[in-house]
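To start, the structure under review is shown below, and the notes come after it.
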Amino acid sequence: MTDQIVVARLYKTMLLIRQLELRIAEIYHTDAIKSPVHLSVGQESIAVGVCDPLEKDDIVSNTYRCHATYIAKGGDLFGMMAELYGKSTGCAGGKAGSMHLVDIKNGVMGASAVVGTTIPVATGYALAMQNEAKMTGRQRVVVALCGDGGTEEGCFYESINFAALRKLPIIFICENNRLAIHTPLEKRWATNQLCERMSTFGIQTHKIDDADVFKIRDTMINALAEIRHGTSGPIFIECATYRWLEHVGPLDDHYDDYRDKNTYQLWQDNDQISRLARMLDDQVRMEIEKEVTLTIAQIEKYAEESPYPAAEELYTHVYAS
Ligand SMILES: Cc1ncc(C[n+]2csc(CCOP(=O)(O)OP(=O)(O)O)c2C)c(N)n1
């Protein structure tokens with residue numbers, strides 16, 4: 001039987017991501033949130049399965065769809081919500097918004113709106129960590145997540161090649177929701193065989209087809225152990241998933257007719273949050289739900305009450321001083 005403490009912890013983080021993003025979707029139309037939002041509703045098991053076994057000083061990098069990994073890696077929630085509100089207490093001073101969440105203290109590398117661009121930066125970070133480990137004897141690990149669209153960028157292949165060549169301590173994760181905005185995989189890839197393509201770089205690959213949060217977590221635990229003990233260079237993990245809401249914004253866009261409703265139904269039936277809820281004792285589950293609701297109310301209040309940046313702030317953090 002799966003350890004109930006682990007189930008409770010995974011449930012709490014996944015529920016927090018889901019409920020916070022649904023709350024963001026609810027308040028989005030009020031204009032309190034000052035930046036576009038790319039929500040991960042339906043995709044939470046990847047962020048949580050990947051981040052749960054990481055150490056605080058391991059590093060995670062992600063794309064503009066970064067709320068889930070930011071939360072799962074332990075990013076400061078008050079700083080996140082204030083950032084979405086454009087407030088000075090935001091994790092990027094209120095000047096970057098939802099697509100650029102960052103919390104270096106908790107190992108969240110700054111995200112970027114430009115597809116693929118964080119992958120080489122994360123690879124560079126892994127090079128620095130490889131050198132650091134020679135001095136400290138302790139190997140930190142970088143995790144670079146991207147979407148299936150991100151794997152189409154040249155810098156993705158350049159990064160994988162360099163990481164494989166130098167045996168860098170990095171795990172590449174593809175969150176494969178089969179869509180780049182509205183364009184399905186079938187119209188973009190000559191073949192589906194992403195892991196096979198990656199294995200030609202001589203690296204270990206894993207494919208998880210059903211978004212099972214325990215499988216993702218176990219794969220990560222093994223990958224991290226191998227990398228930390230120096231028995232493996234980079235590892236590539238492809239995780240199938242499904243985006244429930246529109247590409248950008250708070251709405252359900254299934255009426256747009258660019259994807260199949262039956263597939264949506266299958267993924268809803270496979271919802272990992274409902275699965276975890278069913279595994280928990282009612283009392284424990286309700287306690288967690290209460291705590292999540294309270295946390296969201298607190299961070300929302302903090303974001304509302306925080307001040308906007310002062311006018312002079314317009315000129316700070318623009319150029320390196
Ligand atoms: C270099 C670059 N090209 C195009 C875009 C426009 N764009 C924004 S999101 C996106 C789709 C990316 O899809 P994917 O990487 O699969 O991530 P998902 O949105 O599904 O999480 C595109 C093409 C961009 N931001 N940057």
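Start at 1 and go down the list; that is how both ligands and their atoms are numbered. Keep in mind that this is a model prediction, so the values were computed, not measured.
- For ligand 1, the polar-atom distance check finds an N/O of N177 within less than 3.5 Å of one of the ligand's N/O atoms.
- Residue contacts with ligand 1: Y64 is placed with a nitrogen or oxygen under 3.5 Å of a nitrogen or oxygen of the ligand (distance criterion only).
- Of the polar atoms of G149, at least one N or O is found under 3.5 Å from an N or O of ligand 1, judged by distance alone.
- Heavy-atom contacts of D148 reach the following atoms of ligand 1: 16 (O) (cutoff under 4.0 Å).
- Remark: K87 is positioned above the aromatic ring of Y308, its terminal NZ or CZ atom under 6.0 angstrom from the ring centre and at most 45 degrees off the axis.
- The aromatic rings of Y242 and Y264 lie parallel to each other, with less than 30° between the two planes, well short of the 60° mark.
- With 3.5 Å as the limit, one finds no donor-acceptor pair spanning the side chains of E226 and N222.
- Residue V114 has at least one heavy-atom neighbour below 4.0 Å for each of these atoms of ligand 1: 1 (C), 26 (N).
- Between D253 and R259, at least one side-chain nitrogen of the basic residue sits less than 4.0 Å from a carboxylate oxygen of the acidic one, meeting the salt-bridge criterion.
- Taking distance alone, with nitrogen or oxygen atoms compared against 3.5 Å, I181 stays at or beyond that limit from ligand 1.
- A distance-only check finds a donor-acceptor pair linking the side chain of E83 to the backbone of C91 [under 3.5 Å].
- In the hydrophobic clustering, V121 connects to I59, V102, I104, M109, I119, Y125, L127, M129, V142, F156, Y157, I160, F162, L168, I170, F172, L185, W189, L194, M198, F201, I203, F236, either directly or through intervening members, whenever side-chain heavy atoms lie under 4.5 Å apart.
- V141 belongs to a hydrophobic cluster with I46, V50, L54, V60, V143, L145, I171, I173, I208, I216, M220, L224, I227, I235, I237, counting contacts under 4.5 Å between side-chain heavy atoms of Ile, Leu, Val, Met, Phe, Trp and Tyr, direct or through other members.
- In summary, the atoms of ligand 1 found under 4.0 Å from a heavy atom of R65, numbered by their order in the structure, are 18 (P), 19 (O), 21 (O).
- In terms of protein heavy atoms, atom 15 (O) of ligand 1 is closest to G150 N, 3.0 Å.
- Listed by number with element, the atoms of ligand 1 under 4.0 angstrom from any heavy atom of H247 are 9 (S), 19 (O).
- At a 4.0 Å heavy-atom cut-off, ligand 1 does not touch E175 at all.
- Side chains of Q272 and N270: a donor-acceptor N/O pair is present below 3.5 angstrom, by distance only.
- Taking only non-hydrogen atoms, the option from V115, N176, N62 nearest to atom 24 (C) of ligand 1 is V115.
- If you look at L179 next to ligand 1, the close heavy atoms, those under 4.0 Å, all belong to the backbone.
- Considering backbone and side-chain N/O of A113, one or more are found under 3.5 Å from N/O of ligand 1.
- Checked by atom type, the side-chain pair T205/S199 shows no donor-acceptor distance below 3.5 Å.
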